[in-house]
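Only this structure's heavy atoms are used, side chains among them; waters, hydrogens and symmetry mates stay out. Here is how names work: the chains are called A, B, and so on, in the same order as the sequence lines, proteins then strands, and each is numbered from 1.
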Amino acid sequence: MTLVAEAFVSQMAAAEPWPESATLYQPLKEDQILLSDCASSLAVQAYLRMCGLPVQVVCRANAEYMSPSGKIPFIHVGNQVVSELGPIVQFTKAKGNSLSDGLDDIQRAEMKAYMELVNNMLLTAELYIQWCDDATAAEISRPRYSSPYSWPLSNILAYQKQWEVRRKMNAVGWGGKTLEQVYEDVNQCCQALSQRLGTQPYFFNKQPTELDALVFGHLFTILTTRLTSTELAERIKSYSNLLSFCRRIEQTYFEDKKNSLKSSMILLINV
Amino acid sequence: MAAPDELFCWEGDWGLPSVSTDCLVVLAYAQFAGAPLKLKKMSNPWRSPSGLLPTLRTNQKENLTRPSDIIIHLRKQKYNADLDLSAKEGADSLAFISLLEEKLKPALIYTFWVEPKNYVDVTRRWYADHMPFPLNFFLPGQMQRGQLERLRLLRGDESLESGEELEKELYRDATECLNLLSQRLGSHKFFFGDTPSSLDAFVFGHLAPVLRSKLPNGKLQQHLKTLENLSSFCSNVLLLYFPRDGREGGGLKASSPPPPPEGGDFDHVPNKRRKQVLSALAALGAMLSYALLTGMVSIQQEALEEPPDPEPIGGEGEAGEEIH
């Protein structure tokens, strides 16, 4: 979002309380949504639940195109539309709900750094596995991404997205990596998160913050999504404190929505 | 003992061992870890084995170009600057390096390659001055296009106009990142204790060019200078680990010739002299070919075996009549 628009949005946001009709848009859950989008969406849902702000999840096939920045998810609150976790956190802060107010400067620096770690490594690894690994791309990503559309649009859109993601991987220096190296990077990232979490219930002791929401979103989705190989989930399962962290957040914040996470919970119990 | 690995990197200027961020990161890490590297400083990326700089050529003839790959390789050879870090500090390192890559790097790309005044006056001029003929004509432009594409992909934008808005957004993220780094560093000498680690190398590599170059549009530079602990961190690293480079050229003159080569460590390409000789030869060749083609100078072959011309007098006579 541009600075001017953001200042305007903050001003408008501060004026009104959170309405009951807030909605969160994401692609179709059963057929269309991919791992990375599902993770981002779950992170935002977790964050809003942690703030105690009610939101309805609506699935639309063209959610990606409706979003102001082109990224999933986005929320529609009152007459404003905000996408991605970072701007949504600022938006809710302008309305007076913030989870990170109790942190001092150094902790806030660490929180932002760890959020960037998740974005830089976990999200990029998810994108790589989805679109740069030929097996996964052919079996899962392309068919799912183009499922609402008919031929030939489906082919065109799927390949366009794949090329875009591959170019991005080259730009950030992941183009030359092998799948093994990507798994190793995910392992390092999880190790870092596990070290930071230690034996605490949340990353910054007693209260959850947006970092907890983000980590939960990504880890839970990876653990409960079926891919061509279970290598990624296995890497995460080797860190027991991360597993109990996910279970704890699921039980605390998602137990009333058992239906939507039902299939996921069963898979998690089998761990 | 095995021969040391070779590192090909960009030349230095403004008091720095190298002008490129990635090269600085690798050089700093090598110094911190005490890794012996054979340095080859150059300003012609086509002469490096992989076509990109920095490149590390290992003993197994493998070429590594990503700083993270090079650092992993050095670690495997037991040159590890992160030995003293606790597990939590290692995790923090990874997190802050990610912060640098996501928030600071786009702004740095903008400052050096997209912002028009900076690009024309500083970046392009430096690369054009230092690259050999004929690369200096097209390579800086090619590099700029590559960087623009990278910035566009990093941000996930459809189009990228270098305007006020883009600049404000990028600089806002970057200033936040710098403030966070400054808070984390506090009043310590290095980020984790008294010995530098890989995070210090990355921070130094990203901040040093911004601090030391003379940019016409230097908003980021000004902000960085207000963060005293980060500025003194960079000066400290330069003083302790790159004393030779820190002494030469304090970055005062933007268009001065490169500093004279220091003793046997660095290969310095005498491109100025070569350029002068080449241009003199080219001028001479051009003048000669022009003269030959227009007939001002003609090469007549003395054919001594041929019989003399049958009608020399007639020819002359006719010529004489024509003139008349």
Yes or no on side chain to side chain contact (heavy atoms under 4.5 Å, CB included) for A:Lys112 and B:Lys103, after CA distance, side-chain angles and deciding distance?
CA-CA 10 Å; A:Lys112 294 226 153 97; B:Lys103 295 279 174 186; over 6 Å; no

Between A:Ala113, A:Ala192, A:Gly70, which shows the greatest number of heavy-atom pairs under 4.5 Å with chain B?
A:Ala113

Counting a contact as any heavy-atom pair under 4.5 Å apart, which residues of residues 89-99 of chain B contact chain A?
B:Ala91, B:Asp92, B:Leu94, B:Ala95, B:Phe96, B:Ser98, B:Leu99

Quick one: CG on B:Leu180 to CD on A:Glu116, what's the gap to the nearest 0.5 Å?
9.5 Å

Residues, nucleotides or ligands: over 12 heavy atoms within 6.0 Å of A:Glu231 CD
yes

What distance do B:Glu101 atom CD and A:Asn120 atom CG have between them, rounded to the nearest 0.5 Å?
6.0 Å

What part of B:Arg184 is in contact with chain A, defined as an atom under 4.5 angstrom from a non-hydrogen atom: side chain, backbone, both or neither?
side chain

With a 4.5 angstrom heavy-atom cut-off, could you sort out which part of A:Gln195 is near chain B: side chain, backbone, both or neither?
side chain

Value rounded to 0.5 Å, distance of OG in B:Ser68 from CD in A:Gln181
9.5 Å

Would you say the side chain of B:Glu102 lies within less than 4.5 Å of the side chain of A:Met115, judging by non-hydrogen atoms?
no

Checking A:Gln191 against chain B: side chain, backbone, both or neither under 4.5 Å from a heavy atom?
neither

Quick one: closest heavy-atom pair of A:Tyr114 and B:Lys88, and the distance?
OH-O, 4.2 Å

Can you establish whether the number of heavy atoms outside A:Asp104 located under 6.0 Å from its atom CG is more than 12?
yes

Measuring from atom CD of B:Gln183 to atom CD of A:Glu110, what distance do you get when rounded to the nearest 0.5 angstrom?
11.0 Å

